[in-house]
There are 2 protein chains.
Amino acid sequence: MRNRITIQRVAELANVSKATVSRVLNGYPHVRPEVRDKVQRIIDETGYQPHNIARLLASDRSSIIGLAISSSAQVVFNDPYFPAITEAVSKGAASKSLVLSLFVSYTDQQGQDTLGRILAGGLLDGLLLTADYKGISVLPQWRQADIPVLFIGRPTNTVGINYVDVDNVQGGWLATSHLIDLGYERVATIGSNRNAAGDDRVTGYRKALKQHGLAWDERLVAFGDYSPESGYAGMQALLPYKPQAVFVASDTMALGALRALREAGLRVPEDVALVGHDDLPPAVQADPPLTTVRQPIARTGQLAVDKLAQIIDASEGTPAENSVLPVKLIVRESCGALPAK
Amino acid sequence: MRNRITIQRVAELANVSKATVSRVLNGYPHVRPEVRDKVQRIIDETGYQPHNIARLLASDRSSIIGLAISSSAQVVFNDPYFPAITEAVSKGAASKSLVLSLFVSYTDQQGQDTLGRILAGGLLDGLLLTADYKGISVLPQWRQADIPVLFIGRPTNTVGINYVDVDNVQGGWLATSHLIDLGYERVATIGSNRNAAGDDRVTGYRKALKQHGLAWDERLVAFGDYSPESGYAGMQALLPYKPQAVFVASDTMALGALRALREAGLRVPEDVALVGHDDLPPAVQADPPLTTVRQPIARTGQLAVDKLAQIIDASEGTPAENSVLPVKLIVRESCGALPAK
DNA sequence: ACAGTAGATGAAACCGGTTTCAAAGTATGG
DNA sequence: CCATACTTTGAAACCGGTTTCATCTACTGT
């Protein structure tokens, strides 16, 4: 960097020592107001900006957090959930003056190597991980780096790890109860067993059935992998058993399910009612617009950053208190509660 | 960091100086093979990892590049283009051992502040910017930081700035020509004038018309903002003028257009043929699947990283040579060239 | 008026690497 | 066999901040 202004230069101009400038910079006490003002003026006049890297080295803090998005293969950004959470985390980080670095596909070999190297290099103050697949657990890399880690979504096979999650059981329950309350009796589901969220939503479905005195019928339960194709296949598997209503555990799968219904010549909601989950943009665009369960993604992202920052600051007593955010039913046309437009 | 192994410790264990270890680490010459081996052995045994931050400070290189995604309001990650390019850039960065940091919404006030601070702090070696809106130009922040910058997509009002783009003129031309070749005569378009890509696609459309001796009819041209809603509105505006075929300048808008057609009781492609642009996942999921122009997004991302890295390394003679990647027509059902399934 | 203490300040060490430079060692050529 | 050049190596400076610690000043209470 050619001739950047350094703290030394500012100190000279203000006739004080580097230490004093540093104190002003960081708002520390023990500086006389007039000195503080003078230094501040010089800083403003020169447009001095502290050199991040140098600051990091000295303070052993980088103010950089990582967001690692798992996923095998191409699925990554196909589900709009990931972009949404990424955006939310990005904004959360900005609001706390943290820099966000992004790692896509940390589960494949190259991703692991990259991430491992970064972690060992001490660049990151903390790491957020999306727990979107079962089997994600504490990988050796970050166990060794002992860096603060927080999962977004509940990891399945790891205890003592902090996470921020939404209440997926409630999601499944809300959707299913709504359908039952509307009078449907053969209520099916297209769930997923790929991750904890999928399990939870099915649990909510089951809970609602039980509570309303309906029996669990294996043939009315299909499983998918959050892709539209799997929703399509799931619906085709359900059709022979004549469901009156279906809770689809993700909007993305619901789009596939819609297509299967259309191809089978069935109308939504007249012949089969549908409720999705997530309330991502495609839900509104669908034909008919999807009744769905809204996850507070923006809040999830912000909260994840806040909690991670908190863990980083605490450094010692890791506050193992996890957060589960509530979800909310959004009624549109696909469930039959509203008249079609 | 508690008790990390430092270069000093490695040097002691190997009975050499820090300088020598540094040479081994960076593969510099002037180290006797046996010394090199010994140092390497110690490094392996201890699992030593150089401290990134310290290295950065000393070498004035961070190996961190930024990706700034512009956009006002909520639009950001609604168009699957952004997630796709983000993923591509992320992988590109990983393949070059660069760390990627992400800045969403760099055009609003907070985003600008954040980015400005980071740039001035000298944390980033280079910056990639998505040129998705007209009016994005060289902001004072990075002009001052004089950091290497590369646009993804062609910026409209800036010269002498490097960019990587896809051949949008060709895209518009391919789509329109295809429709004309299929025998449609009233070929409309839903374009966009929000960015250079939009302009170019319309230019391609116009070029194809001219080349086939068809007249430009103002009433057959609508403009949108890449949202499904604007595609919907655009199609409604076109319908009174009875287009036989429409080139929609993005798949996302095409989805909206499809909905407008369905609501008008028109079948695709029997009544109106459609060609989209981008070939993002929704194109395949659409009903009917969209004929569209495929942009090589993965390659764009990788190329952008490569070029940025090149500019960073060159430091002096900025190679102002820009790249424009070719696009390709993908024929599916919405254009009527194939029989419906 | 004076001991005691709190506040303000600067010098210097430090963070963990890279890079320069001088010195020592080794090979080459006349 | 000696002058010359080239390779190998380590000591020390350096990158630009933060933090410790000692010193000096000013204020408190008696």
Side-chain angles (χ1 to χ4, degrees), chain A residues 1-40 42-43 46-64 117-118 120-125 145, chain B residues 1-40 42-43 46-64 117-118 120-125 145:
Chain A
M1 204 125 318
R2 315 172 313 313
N3 45 12
R4 109 183 328 274
I5 305 162
T6 72
I7 200 174
Q8 179 67 52
R9 183 100 185 82
V10 174
E12 284 163 11
L13 290 173
N15 281 319
V16 296
S17 70
K18 296 194 316 181
T20 299
V21 178
S22 178
R23 289 188 188 102
V24 173
L25 237 41
N26 296 290
Y28 290 157
H30 304 311
V31 179
R32 265 196 351 259
E34 64 244 49
V35 173
R36 186 181 295 274
D37 289 350
K38 177 163 187 192
V39 171
Q40 190 58 56
I42 302 285
I43 290 177
T46 56
Y48 165 72
Q49 284 277 8
H51 190 291
N52 262 315
I53 309 278
R55 174 177 263 183
L56 308 190
L57 176 58
S59 62
D60 211 10
R61 271 292 173 79
S62 74
S63 295
I64 303 176
R117 203 161 28 73
I118 303 303
L123 183 64
L124 302 181
D125 274 355
Chain B
M1 204 126 315
R2 315 172 313 314
N3 46 14
R4 108 183 330 272
I5 305 164
T6 71
I7 201 175
Q8 179 67 52
R9 183 97 184 83
V10 173
E12 284 163 11
L13 289 174
N15 282 318
V16 296
S17 70
K18 295 195 316 183
T20 300
V21 177
S22 179
R23 290 188 188 103
V24 173
L25 236 42
N26 297 289
Y28 292 157
H30 304 311
V31 179
R32 263 194 358 257
E34 65 246 46
V35 173
R36 186 180 295 273
D37 288 350
K38 178 164 185 188
V39 171
Q40 190 58 55
I42 303 284
I43 290 177
T46 57
Y48 165 73
Q49 285 276 7
H51 190 290
N52 262 314
I53 309 278
R55 171 177 266 179
L56 309 190
L57 176 58
S59 62
D60 213 11
R61 272 290 173 81
S62 74
S63 296
I64 304 177
R117 203 160 29 73
I118 303 303
L123 183 63
L124 302 181
D125 275 355

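In the text below, chain A, chain B and the rest are named by the order of the sequence lines, each starting its count at 1.
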Residues two or more places apart in sequence or in another chain: which of them pass side-chain contact (heavy atoms from CB on, under 4.5 Å) with [X]?
X: A58(A); value: none
X: N26(B); value: S22(B), Y28(B), R55(B)
X: A19(A); value: S17(A), R23(A)

Nearest-0.5 Å distance that lies between atom CG in L13(A) and atom CD1 in I42(A): 5.5 Å
Taking only residues two or more places apart in sequence or in another chain, which ones pass salt bridge (Lys or Arg N to Asp or Glu O under 4.0 Å) with R9(A)? E12(A)
Only counting residues at least two apart or in another chain, list the ones meeting salt bridge (Lys or Arg N to Asp or Glu O under 4.0 Å) with R32(A). E34(A)
Residues within residues 7-17 of chain B bordering DNA chain D, heavy-atom distance below 4.0 Å: N15(B), V16(B), S17(B)
Send over the distance from [X] [atom1] to [N] [atom2], rounded to a whole Å.
X: L56(B); N: dG17(D); atom1: CG; atom2: C1'; answer: 14 Å
X: L25(B); N: dG17(C); atom1: CG; atom2: P; answer: 8 Å
X: L57(B); N: dG17(D); atom1: CG; atom2: C1'; answer: 8 Å
X: I53(A); N: dC15(D); atom1: CD1; atom2: C1'; answer: 11 Å
X: H30(B); N: dG10(D); atom1: NE2; atom2: P; answer: 15 Å
X: R61(B); N: dG17(C); atom1: CZ; atom2: C1'; answer: 16 Å
X: Q49(B); N: dG17(C); atom1: CD; atom2: C1'; answer: 14 Å
X: N52(B); N: dT18(C); atom1: CG; atom2: P; answer: 10 Å

Between its two end axes (five pairs each) the helix from dA1(C)-dT30(D) to dG30(C)-dC1(D) turns, nearest 10 degrees, through 30°
Sugar-phosphate atoms are those with a prime plus P, OP1 and OP2; base atoms are the rest. Using that split, label each nucleotide of nucleotides 19-24 of chain D B, S or - for protein heavy atoms under 4.0 Å, 5' to 3'. BB----
Closer than 4.0 Å, any side-chain N/O of H51(A) to the OP1 or OP2 of dG16(D)? no
Below 4.0 angstrom from OP1 or OP2 of dT18(C), is there any side-chain N or O of R55(B)? yes
In residues 31-39 of chain A, which ones come under 4.0 Å of DNA chain C, going by heavy atoms? V31(A), R32(A), V35(A)
side-chain contact (heavy atoms from CB on, under 4.5 Å), paired with L56(B), selected from L57(A), L56(A), I53(A): I53(A)
